[in-house]
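These notes are about the structure you will find just below.
In listed order, ligands and their atoms are each counted from 1.
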Amino acid sequence: MLKITPFSGLLLLALGLPALAQDAAPAAPPRTAAPANAMVYFLSPADGATVSSPVTIRFGLRGMGVAPAGVTTANTGHHHLLIDVETLPPDNLPIPNDANHRHFGLGQTETELTLPPGRHTLQLVLGDALHIPHQPPVRSEKITITVQ
Ligand SMILES: [Cu+2]
């Protein structure tokens, strides 16, 4: 006799929904582990700094190494700079690639940023070979700079 345990019930439910599953988003790829002590931060500018544009932004990383996108070596990643981003992108998906979410997939550790005058926020997020934040995410504090 077939025993329906809670687990097999779920399995039957899953097997019974192949059409729905095909329409759903593909399963998120597995997350890449980061050491608990990993830390990404701004070497410059300082939080609260007043700067002129273009401004050089220098990225610091501790407890992990920088590697270009596509490289799957353990405990490495590449920098992403979030500019004036209020809501963090999802941790389980590739970081968007647009004017507000800049990728440094060649392994760069600094950039020259041209920004209009006014206040801007900057935040760093490390991404793995597939541009997905690590588990746990390695993110800097969000800093605010004023461009003259
Ligand atoms: Cu990336």
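For the pair R62 and Y41, the distance from NZ or CZ to the six-membered ring centre is under 6.0 Å and the angle to the ring normal is within 45 degrees.
No side-chain heavy atom of V138 sits less than 4.5 Å from a side-chain heavy atom of V125. A 4.5 Å side-chain heavy-atom check between P35 and M64 finds at least one atom pair inside the cut-off.
Excluding waters, the set of protein N/O/S atoms under 2.8 Å from the Cu ion (ligand 1) reads H78 NE2, H80 NE2, H103 ND1, H131 ND1.
Note on ring orientation: taking the six-membered ring where Trp is involved, the planes of H79 and F59 are tilted (angle from 30° to 60°).
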Take E112 and T56 through the side chain to side chain donor-acceptor pair (under 3.5 Å) test and state the conclusion after the steps. CA-CA 4 Å; E112 289 266 297; T56 301; 2.3 Å; yes
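With ring centers used as reference points, H131 lies under 6.0 Å from H78.
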